[in-house]
Number of protein chains: 4
Amino acid sequence: MTVTSRTRAPRSDGLRNRQHILDIARGHFAEHGISGSLDAIAKEAGVGPGTLYRHFHSKEALLAALLTARDDEIGARRDAITRSTSDAGDALAQWLDALIEWASAFDGLPEPLRAALGEIPSPLTSTCEGYVVETDRFLARAQDEGLARADVRGRDLFLMALAISWTRGAAMADGASTSLMPHILRAGWATATAR
Amino acid sequence: MTVTSRTRAPRSDGLRNRQHILDIARGHFAEHGISGSLDAIAKEAGVGPGTLYRHFHSKEALLAALLTARDDEIGARRDAITRSTSDAGDALAQWLDALIEWASAFDGLPEPLRAALGEIPSPLTSTCEGYVVETDRFLARAQDEGLARADVRGRDLFLMALAISWTRGAAMADGASTSLMPHILRAGWATATAR
Amino acid sequence: MTVTSRTRAPRSDGLRNRQHILDIARGHFAEHGISGSLDAIAKEAGVGPGTLYRHFHSKEALLAALLTARDDEIGARRDAITRSTSDAGDALAQWLDALIEWASAFDGLPEPLRAALGEIPSPLTSTCEGYVVETDRFLARAQDEGLARADVRGRDLFLMALAISWTRGAAMADGASTSLMPHILRAGWATATAR
Amino acid sequence: MTVTSRTRAPRSDGLRNRQHILDIARGHFAEHGISGSLDAIAKEAGVGPGTLYRHFHSKEALLAALLTARDDEIGARRDAITRSTSDAGDALAQWLDALIEWASAFDGLPEPLRAALGEIPSPLTSTCEGYVVETDRFLARAQDEGLARADVRGRDLFLMALAISWTRGAAMADGASTSLMPHILRAGWATATAR
DNA sequence: CATGAATGAGTATTCATTCAT
DNA sequence: GATGAATGAATACTCATTCAT
């Protein structure tokens, strides 16, 4: 009963559908920000809202899946930074840049990420917490070498990275701001010696 | 204190009522954040939605009124900083602290403030722009004395102040973060010399 | 107490205000149609809505007052038609033209006029009924001279005049329609002999 | 007949429900005119407002659906007239009678029909335009045979048919008016010869 | 008599989520 | 598993009319 005699396995539909929805959702969020309705995404993907909910229990779950899909990419970036950057301060700075970029993928994304750090756990919580841990690792190295303030914690830097992503939604934030703020952030956590 | 003990609010004159709504709204926003509906505030204030709309055309107008009520306070603070702080760097830092505190009055407030800096003007726009100008003044002094980076603009600092307020909504942002971030911000814009 | 010693009699304010409101309302209705809110008119007239309601108990009462103000004009027109037009058929046709024009003064006016002919009396009812009576007079003369169908009644012609005014609100009703329809109406009620 | 006797409407399939809503709406409009709110109809139909909006985006869309359901009927009537009436004048008259009856289905219906002829397209526009074209066909035949004035256009007759339907909302329009006005209309567009 | 604040039921519309088919 | 119809609370906003001042 599990194995039918059909030539094409119908079981792949589910996975294919899931991937398709993710692709559409990514495009939709990238274009319209995360404020749009899930119905619109379901329609654009050519599936019913029920199907979307089968795969993703909530909008946050959908976002989480989208972000999880980038896990490998971020992991690779982290490894690349670790490998190629001997200076622990530079490494931390590059990691924070990566986080800022990551959280800027969709307009409005920083908001649920921040919320996920709250008391009520959300599908995004574990993702965020994982990155906080990574940040802590980079930070610890920099602190060990006296390149970062001792009073700073990974969570603070993670939050500030989110905050910088958040400012990008403002029309007032032009290209100058975009390149400037990460520098300000670095100057902020670095020790005087480090400069 | 605001209302008498009668069950039904007496038809008091407009100003009283307006003030009453503002008081209720302030409390409501302070407790639940700014996400609630105007109808809920109207109900809590014991007035019909129409009454609330007569005084405040939109949620942003209500927020603007609430913030305007603090204008004097901020102005006084600015003057106090100017008078009592001879070091231009300290003055700017204190002004930014004031902004951070100001934008942290209600959970969620930084969001409409950021939006007010966008292309579509809102009742909050002029308030924000005024504070950007103030920030520019403090910044210019600090830059003149070589205490602040030359590549920083008032708008960037204003945005970062908003962003720091924004992080406070996260449970992860504890007391340590609250006191730390302004220091990071200051270290970020200050010149190496300044430290 | 009734007679004060002031130089200027304050009593005229009321009447003056009433007239002012009428002038504003006429302009407002002429420009925006009758759908606008009374508050808008009150504001434009520089008075409170209460003042407007003191003078006119409802929107229909305001319309009625506006139409009553034209009573003299219509009466004069009726007299002119009677005096200058010996042919009873021509007279009726001219009277109906006058009615059509009268009901076309404001976009949307035919609707409440029609409603005023319903079972629930409105401030417009007496005005309308008066004109029905006038129509009956013109019609009777025409019928006496065999120029109008015997089966037609004044109320029918009045209604059709309103109906023709009503069509003018449609974009499809161009200049050609405007001049054509009264002719169709006349051909409709006139006897074959009359043509 | 439409619903089972269960207290709560069973989750029937979409088409059934759509039809059910249409049935209720038809009854509602027939009884109260078209002025009622969609919410009221939804409540009467035992569905949530969202369900109604899923099927019909606006009141006009609902009306359009109700009228479309009568398309077949009108088409059949048009064919019957064409087949059974050799006199082109009689045919046009009968077609206009059909239009008057069609537009008199609900109190207030002529208003949105007239509006649909305006510049802003509505769901009713295509229906109306189709009937204008039909009217033009009947009229052309009558004009060809010298039975209708040459200066009349289909749109004028369509508008007058709507206008006559419109008068029926007035209590003053009794049975006599109802039967009389179409005759007046016919006498209006017919040529003298035709009588 | 004027004012304009207050009323509050009413309307259209949205959308995350559930559930019958 | 997929579908998409159904839900229904929620929200923003309007406006004719009343009534305290």
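Proteins get letters first, then strands, A, B, ... in listed order; numbering begins at 1 in each. Not measured: the values here are computed from a predicted model.
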[X]: what forms a side chain to side chain contact (heavy atoms under 4.5 Å, CB included) with it, not counting sequence neighbours?
X	value
C/A115	none
B/A105	B/R70, B/L109
D/A64	D/P123, D/L124

For residues 109-128 of chain D, which residue pairs pass the ring-ring contact (aromatic ring centres under 6.0 Å, His included) check, not counting sequence neighbours?
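Sorted pair list comes back empty.
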I need the full list of side-chain hydrogen bond (donor to acceptor under 3.5 Å, both in side chains) pairs touching residues 112-125 of chain D, with sequence neighbours left out, sorted by first then second residue.
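Qualifying pairs: D/E60-D/S122, D/E111-D/R114.
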So, OP1 or OP2 of F/dA5: does either fall under 4.0 Å of a side-chain N or O from D/R54?
yes
Short side-chain N/O contact from A/N17 to OP1 or OP2 of F/dG1, under 4.0 Å:
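A/N17 to F/dG1 OP1/OP2: no side-chain N or O under 4.0 Å.
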Does anything in residues 113-122 of chain C come within less than 4.0 Å of DNA chain E? Heavy atoms only, and list the residues if so.
none
Distance in angstrom units between [X] [atom1] and [N] [atom2], rounded:
X	N	atom1	atom2	result
A/E60	E/dC15	CD	C1'	16 Å
D/L52	E/dT14	CG	P	13 Å
D/R18	E/dT21	CZ	P	20 Å
A/H28	E/dC15	NE2	P	10 Å
A/I21	F/dA2	CD1	C1'	10 Å
A/I41	E/dA16	CD1	C1'	12 Å

Whenever both distances are under 3.5 Å in a Watson-Crick or G-U wobble pair, mark it; put DNA chain F into dot-bracket that way, with [ ] for crossing pairs and | when the partner is on another strand.
.||||||||||||||||||||
Going by atom type alone, with no hydrogens or angles, which donor-acceptor pairs under 3.5 Å involve a side-chain atom of residues 28-44 of chain A and a protein atom two or more places apart or on another chain?
from	atom 1	to	atom 2	distance (Å)
A/H28	ND1	A/E44	OE1	2.9
A/H32	ND1	A/H28	O	3.3
A/S37	OG	A/A40	N	3.2

Expected rows: protein N/O vs nucleotides 15-17 of chain F N/O, under 3.5 Å:
from	atom 1	to	atom 2	distance (Å)
F/dA16	OP2	C/L38	N	3.0
F/dT17	OP2	C/Y53	OH	3.3

So C/L162 and C/L117, do their side chains get closer than 4.5 Å, heavy atoms only?
yes
With sequence neighbours excluded, what pairs up with C/D23 under the salt bridge (charged side-chain N to carboxylate O under 4.0 Å, His left out) test?
C/R26
By salt bridge (charged side-chain N to carboxylate O under 4.0 Å, His left out), D/R54 pairs with (sequence neighbours left out) none
5'-most contact on DNA chain F: A/G48 or D/G48, nearest heavy atom basis?
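Result: A/G48.
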Distance (rounded to the nearest 0.5 Å) between A/L62 CG and A/I21 CD1
8.5 Å
CG (C/L66) and CZ (C/F56) are apart, to the nearest 0.5 Å, by 8.0 Å
